[in-house]
Structure formats: structure tokens, C-alpha cells
Protein chains: 2
Amino acid sequence: MHTALQALSDPHRMAIVSMLADGERPAGDFVDALPIAQPTVSKHLSVLREAGLVTVRKDAQRRLYSLNPAPLAELDAWLARYRRFWTDRLDALEAHLDKEFPQ
Amino acid sequence: MHTALQALSDPHRMAIVSMLADGERPAGDFVDALPIAQPTVSKHLSVLREAGLVTVRKDAQRRLYSLNPAPLAELDAWLARYRRFWTDRLDALEAHLDKEFPQ
DNA sequence: CAGCAATATAGCCATATGGCAATATCAAGA
DNA sequence: TCTTGATATTGCCATATGGCTATATTGCTG
């Protein structure tokens with residue numbers, strides 16, 4: 001099984017997720033957009049499904065994919081711990097002081 | 001070469017980055033903390049270095065690692081595009097609660 | 001029902017990845 | 001200078017990964 005981060009670590013899967021930021025899309029859209037064969041795209045979609053990053057809905061022969069934001073929200077929460085490193089000057093000062101005077 | 005996301009996609013490397021949130025640490029700390037051999041840790045550190053996620057500083061025989069937040073800031077910026085997906089949901093919940101339990 | 005369209009699955013291959021033990025490097029101290 | 005400690009590098013192995021072609025599946029449509 002892939003974790004959300006492992007799923008996102010492939011550039012083609014990142015591209016798929018990026019396309020989904022605009023909304024639901026059929027699998028064929030990804031086949032058209034990416035320079036890889038249809039079965040390869042299908043496998044990437046299956047990885048994204050297992051990672052919980054996307055959900056699917058049937059529409060006749062088509063499969064409409066949309067984003068499931070939960071894992072991204074988790075990643076965002078994890079990043080929160082580091083946000084102080086780059087946010088603003090006050091935070092930078094704080095980080096500096098933390099480093100200079102730990103505790 | 002690994003991208004930041006690829007570097008983060010390994011759980012042991014994630015653990016290393018997490019440990020660095022508290023500040024600079026010698027390589028040996030990671031060897032002690034992780035259930036893998038020293039050369040394996042060293043290889044992970046090299047991946048993190050190539051990805052620009054950490055920087056090193058020499059202190060006698062020791063190598064002191066610290067976090068380079070830039071790639072994390074980039075990841076945060078990328079995530080910004082998706083943030084509305086879960087803040088919207090929180091806003092909706094808030095609205096719902098306001099309606100159910102006014103005041 | 002035949003055929004087409006959209007997608008998934010199966011089976012295969014080359015390469016990347018993460019792990020290890022052995023060894024090299026290099027600074028500090030005796 | 002010899003030894004010890006901390007880390008990196010090398011060489012190897014098993015498995016995971018991403019790619020492909022061929023084929024199966026499923027639902028329209030004529």
C-alpha cells in the first residue's frame with residue numbers, strides 16, 4: 001500500500017492531482033494529458049485510489065475521478081509544525097531565538 | 001536525483017525530518033533513533049541533502065544536520081491551492097452548527 | 001446482438017530503491 | 001604516530017516501481 005506522500009512522490013501522479021484541483025475529470029483526460037500509455041495511467045489512478053487521494057464515480061463507461069482532500073489536509077497539518085520556519089519575520093526571529101537559546 | 005516529495009516519501013526520512021524540527025542534530029542521533037544500520041541512515045541523509053531538505057555542518061568527526069525549510073515552503077505553497085477543499089468543509093460545518101445552535 | 005468506446009487487469013521487463021556488511025575517511029586524543 | 005570514534009562510501013542483494021503490450025470488462029449504440 002502507498003501512503004499519501006508516496007503516492008504524491010511520482011510526478012505523473014502529482015500532475016493528475018493538480019488536474020483534479022479544478023474539479024472532477026474522466027480518466028481519459030489524464031491519458032490525453034500525460035505522455036504515458038493508458039494502462040500506465042490506470043495503474044497510477046489505482047495507486048491514488050489506494051492512497052485515498054481520489055474517489056471515483058461511474059458514468060456509463062467512464063470513470064469520473066475527483067479529489068479526496070483528507071490526506072492533503074493531513075499533510076498540511078504535518079507541515080504546520082514547520083511553517084514557523086518560513087512564514088514571517090517574527091517567526092524567523094522566533095526560530096532564530098529557539099536555536100540560539102533552546103528551551 | 002530526488003525531489004523534496006520523493007525524499008519525504010520514505011518513512012525513515014520523514015522521521016529524520018521530524019527530528020530536525022526541534023533543531024540541529026548529529027548523524028548519530030538518527031542512527032540511535034531508527035531501527036536500521038548506520039550506512040543505511042547515511043544513505044538516507046545523502047538523499048535528504050540532494051533534495052535540499054537538510055544542510056550539514058562539520059564539528060570534528062561529527063556531522064551536524066539541520067533543516068532547510070525551503071522545499072517544505074514550496075510544498076506548502078503547492079498545498080495552498082487545495083486548502084479551500086478542507087477549509088470550505090470546516091466553514092460549512094461551522095455554518096451548520098450556527099444554524100442548529102444559534103448564538 | 002455486433003461493434004465500438006472507455007477503462008481496468010494481467011503479465012512481463014528494466015531500473016530504482018532500501019537494506020546490509022565491509023571498508024574507507026578523517027579528526028581527536030593517548 | 002597509533003588508536004578510537006563518527007560518518008561516508010562501496011558493493012552487493014531482494015524487492016518495489018513505473019513502463020509497456022495484450023486482453024478482459026462493461027456499457028452505449030446501431
Side-chain angles (χ1 to χ4, degrees), chain A residues 1-20 22-68 71 75 78, chain B residues 1-20 22-68 71 75 78:
Chain A
M1 254 286 278
H2 281 84
T3 72
L5 260 175
Q6 284 172 332
L8 285 174
S9 71
D10 176 82
H12 290 144
R13 288 195 292 263
M14 271 282 282
I16 290 174
V17 170
S18 291
M19 288 178 71
L20 287 175
D22 302 328
E24 198 176 46
R25 277 173 178 278
D29 277 19
F30 310 124
V31 176
D32 293 343
L34 298 174
I36 56 183
Q38 177 268 321
T40 309
V41 172
S42 195
K43 207 191 251 182
H44 281 312
L45 288 170
S46 129
V47 169
L48 290 171
R49 263 183 275 127
E50 279 173 20
L53 277 163
V54 300
T55 53
V56 211
R57 178 168 80 82
K58 290 187 188 179
D59 171 41
Q61 311 98 315
R62 301 193 307 165
R63 295 292 177 277
L64 297 179
Y65 282 85
S66 43
L67 198 69
N68 179 20
L75 178 56
W78 181 81
Chain B
M1 253 286 278
H2 281 83
T3 72
L5 259 175
Q6 284 172 331
L8 286 174
S9 71
D10 176 83
H12 290 143
R13 288 195 292 264
M14 270 283 282
I16 291 174
V17 169
S18 290
M19 288 178 71
L20 287 175
D22 302 329
E24 199 176 46
R25 278 173 177 279
D29 277 18
F30 310 125
V31 176
D32 294 342
L34 299 175
I36 55 182
Q38 177 269 321
T40 310
V41 171
S42 195
K43 207 191 253 182
H44 280 312
L45 288 171
S46 129
V47 169
L48 289 171
R49 263 183 274 125
E50 281 172 19
L53 277 163
V54 301
T55 54
V56 210
R57 179 168 80 82
K58 290 186 189 180
D59 171 41
Q61 311 99 314
R62 301 193 306 165
R63 296 292 177 277
L64 298 179
Y65 282 83
S66 43
L67 199 69
N68 178 19
L75 179 54
W78 180 80

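Values below: every heavy atom of this structure, side chains too, minus hydrogens, waters and symmetry copies. To find a chain, count down the sequence lines: A is the first, B the second, and so on, and within it residues start at 1.
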Nearest heavy atoms of Y65(A) and L20(A), plus distance in Å: O-CD2, 3.3 Å

For residues A4(A) and P71(A), report the shortest heavy-atom separation together with the two atoms involved.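 Minimum heavy-atom separation between A4(A) and P71(A): CB-CB, 3.6 Å.
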
Roughly how many Å is it from [atom1] in [X] to [atom2] in [N], rounded to a whole number?
{"X": "H2(B)", "N": "dA16(C)", "atom1": "NE2", "atom2": "C1'", "value": "8 Å"}
{"X": "L64(B)", "N": "dA8(D)", "atom1": "CG", "atom2": "P", "value": "11 Å"}
{"X": "R62(A)", "N": "dT7(C)", "atom1": "CZ", "atom2": "C1'", "value": "12 Å"}
{"X": "R57(B)", "N": "dA27(C)", "atom1": "CZ", "atom2": "P", "value": "16 Å"}
{"X": "Q6(B)", "N": "dA16(C)", "atom1": "CD", "atom2": "C1'", "value": "10 Å"}
{"X": "I16(B)", "N": "dT7(D)", "atom1": "CD1", "atom2": "C1'", "value": "13 Å"}
{"X": "L48(B)", "N": "dT7(D)", "atom1": "CG", "atom2": "C1'", "value": "15 Å"}
{"X": "Q61(B)", "N": "dT9(D)", "atom1": "CD", "atom2": "P", "value": "17 Å"}

Can you tell me if R63(A) touches the phosphate of dT26(D), counting only side-chain N or O atoms and a distance under 4.0 Å to OP1 or OP2? no

Examine dG18(C): is either OP1 or OP2 under 4.0 Å from a nitrogen or oxygen in the side chain of R13(B)? Give yes or no. yes

Who pairs with S66(A) by side-chain contact (heavy atoms from CB on, under 4.5 Å), at least two apart in sequence or on another chain?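 E24(A), T55(A).
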
Evaluate the side-chain proximity of H44(A) to I16(A): yes if any heavy-atom separation is below 4.5 Å, no if none is. yes

V31(A) side chain near I36(A) side chain, heavy-atom distance below 4.5 Å: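 SC-SC contact between V31(A) and I36(A) ruled out.
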
Nearest of dT17(C), dA28(C), dA8(C) to any side-chain atom of L45(A)?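 Looking only at heavy atoms from C-beta outward on L45(A), the closest nucleotide is dA8(C).
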
Ignoring hydrogens and angles, tell me if any N or O in the side chain of D59(B) forms a donor-acceptor pair with the backbone of R62(B) under 3.5 Å.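 Flag not set: sc D59(B) to bb R62(B) has no pair under 3.5 Å.
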
Classify the nucleic acid contact of Y65(A) as base, sugar-phosphate or nothing, counting any heavy atom under 4.0 Å across all strands shown. sugar-phosphate

For R63(B), what residues pass the salt bridge (Lys or Arg N to Asp or Glu O under 4.0 Å) criterion, not counting sequence neighbours? none

Return the polar atom pairs (N/O with N/O) between nucleotides 19-21 of chain C and the protein under 3.5 Å, or none.
residue	atom	partner	partner atom	Å
dG19(C)	OP1	H12(B)	ND1	2.9
dG19(C)	OP2	H44(B)	NE2	2.4
dG19(C)	O6	K43(B)	NZ	2.6
dC20(C)	OP2	A37(B)	N	2.8
dC20(C)	OP2	T40(B)	OG1	2.8

